Amino acid sequence: MAVRACGLIIYRRLQPPPSSKVTDSIEYLLLQTSYGTHHWTPPKGHVDPGEDDLQTAFRETQEEAGLQASQLTLVEGYRKELHYPVRGKPKTVVYWLAEVKDCNTEIKLSEEHQAFQWLKLEDACKLAEYEDMQATLKEAHQFLCAKE
């Protein structure tokens, strides 16, 4: 059976300068793991027994980034499933998109991560070394741009 994990792609909107597009002011939250290759990823984690996928995404976001569900707005209509092998076993990761209500909300990392950054799409894609994660970030950004 595939390992299942869920998470949230968290973004914030900064106050854009009057001449720029709203989507230019979007930054994505990436966390750097404190284990393995120290890769950068949105908050995510394994589904606990009795939990549904979205509950897992919110719980993991709270554990890993210190963000409560009440501090986030879930974006309707966006859900992305990634499938890839981890140590020879299939893994499924489901992501939703959520906006931080206050762009100055403090991030509180758990021991699982050693750093975090708010990044524009291009920089987030550079840090997220996996192609499927880069594609997911771009797709999420396109989704937000289409809603403007």
Side-chain angles (χ1 to χ4, degrees), residues 2-35 38-84 86 91-148:
V3 175
R4 191 166 183 86
C6 300
L8 294 175
I9 296 171
I10 308 282
Y11 72 97
R12 68 179 182 183
R13 290 174 196 266
L14 303 174
Q15 283 306 113
S19 61
S20 73
K21 294 199 303 258
V22 177
T23 49
D24 292 341
S25 65
I26 293 175
E27 291 183 335
Y28 296 92
L29 176 66
L30 290 182
L31 311 179
Q32 186 180 34
T33 61
S34 50
Y35 57 86
H38 303 299
H39 64 285
W40 291 83
T41 174
K44 69 172 188 311
H46 295 129
V47 178
D48 284 347
E51 238 180 6
D52 72 32
D53 289 353
L54 194 54
Q55 284 174 318
T56 299
F58 278 115
R59 177 182 53 77
E60 287 290 340
T61 299
Q62 184 177 341
E63 287 174 9
E64 295 183 358
L67 294 170
Q68 310 279 346
S70 61
Q71 295 173 292
L72 302 167
T73 303
L74 196 66
V75 176
E76 290 291 320
Y78 185 88
R79 181 180 179 278
K80 176 71 177 177
E81 250 183 64
L82 300 180
H83 303 275
Y84 52 88
V86 174
K91 182 171 185 173
T92 299
V93 183
V94 184
Y95 284 109
W96 288 266
L97 194 52
E99 182 176 10
V100 175
K101 290 177 183 174
D102 175 358
C103 69
N104 297 312
T105 300
E106 185 184 355
I107 303 299
K108 299 180 194 82
L109 294 177
S110 71
E111 292 173 6
E112 292 178 55
H113 296 91
Q114 60 187 16
F116 74 90
Q117 285 191 49
W118 287 103
L119 300 152
K120 300 258 189 249
L121 178 64
E122 190 178 323
D123 295 326
C125 287
K126 283 181 192 153
L127 271 189
E129 59 210 68
Y130 297 108
E131 280 183 28
D132 55 358
M133 190 67 245
Q134 293 170 359
T136 299
L137 286 167
K138 288 175 184 164
E139 189 180 281
H141 196 76
Q142 291 284 305
F143 184 84
L144 290 173
C145 292
K147 287 175 71 94
E148 293 301 325

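All figures in this text were calculated on a predicted structure; none of them were measured in a lab. All values below come from the heavy atoms of this structure, side chains included, with hydrogens, waters and symmetry mates left out.
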Q) Is it true that Tyr11 and His141 have ring centroids separated by less than 6.0 Å? A) no

I'd like to know if the side chain of [X] reaches the main chain of [Y], judged simply by a donor and an acceptor atom lying under 3.5 Å from each other, with no hydrogens or angles considered.
X	Y	result
Ser34	Gln114	no
Gln32	His38	yes
Gln134	Cys125	yes
Thr73	Lys101	no

Look up atom [atom1] in [X] and atom [atom2] in [Y], then write down how far apart they are to the nearest 0.5 Å.
X	Y	atom1	atom2	answer
Gln142	Tyr78	CD	OH	10.5 Å
Leu67	Gln62	CG	CD	9.0 Å
Leu82	Met133	CG	CE	6.5 Å
Thr105	Gln71	OG1	CD	5.0 Å
Leu119	Glu27	CG	CD	7.0 Å
Arg79	Leu74	CZ	CG	11.5 Å

Is [Y] close to [X] at the side-chain level, that is, under 4.5 Å between some pair of heavy atoms?
X	Y	answer
Tyr28	Asp123	no
Thr61	Leu72	yes
Leu121	Ile26	no
Leu97	Leu8	no

Which pair of non-hydrogen atoms, one from [X] and one from [Y], has the smallest distance, and what is that distance?
X	Y	value
Asp102	Val100	O-CG1, 2.9 Å
Tyr84	Val86	CE1-CG2, 3.6 Å
Glu76	Phe143	O-CZ, 3.4 Å

Q.
Counting only heavy atoms from other residues, nucleotides and ligands, does the tally under 6.0 Å from CD of Glu129 exceed 12?
A. yes

Q.
By the definition side-chain contact (heavy atoms from CB on, under 4.5 Å), identify the one residue from Leu14, Leu29, Leu30 that meets it with Trp118.
A.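 In the set Leu14, Leu29, Leu30, the residue that makes a side-chain contact (heavy atoms from CB on, under 4.5 Å) with Trp118 is Leu29.
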
Could you tabulate the donor-acceptor pairs under 3.5 Å formed by side-chain atoms of residues 43-56, not counting sequence neighbours?
from, atom 1, to, atom 2, distance (Å)
Lys44, NZ, Thr41, OG1, 3.2
Asp48, OD2, Arg59, NH2, 3.3
Glu51, OE1, Asp48, N, 3.0
Glu51, OE1, Thr56, OG1, 2.7
Glu51, OE1, Arg59, NE, 3.4
Glu51, OE1, Arg59, NH2, 3.0
Glu51, OE2, Arg59, NE, 2.5
Asp52, OD1, Leu54, N, 3.1
Asp52, OD1, Gln55, N, 2.8
Asp53, OD1, Arg4, NE, 3.2
Asp53, OD2, Arg4, NE, 3.1
Asp53, OD2, Arg4, NH2, 2.6
Gln55, OE1, Asp52, N, 2.8
Thr56, OG1, Asp52, O, 3.1

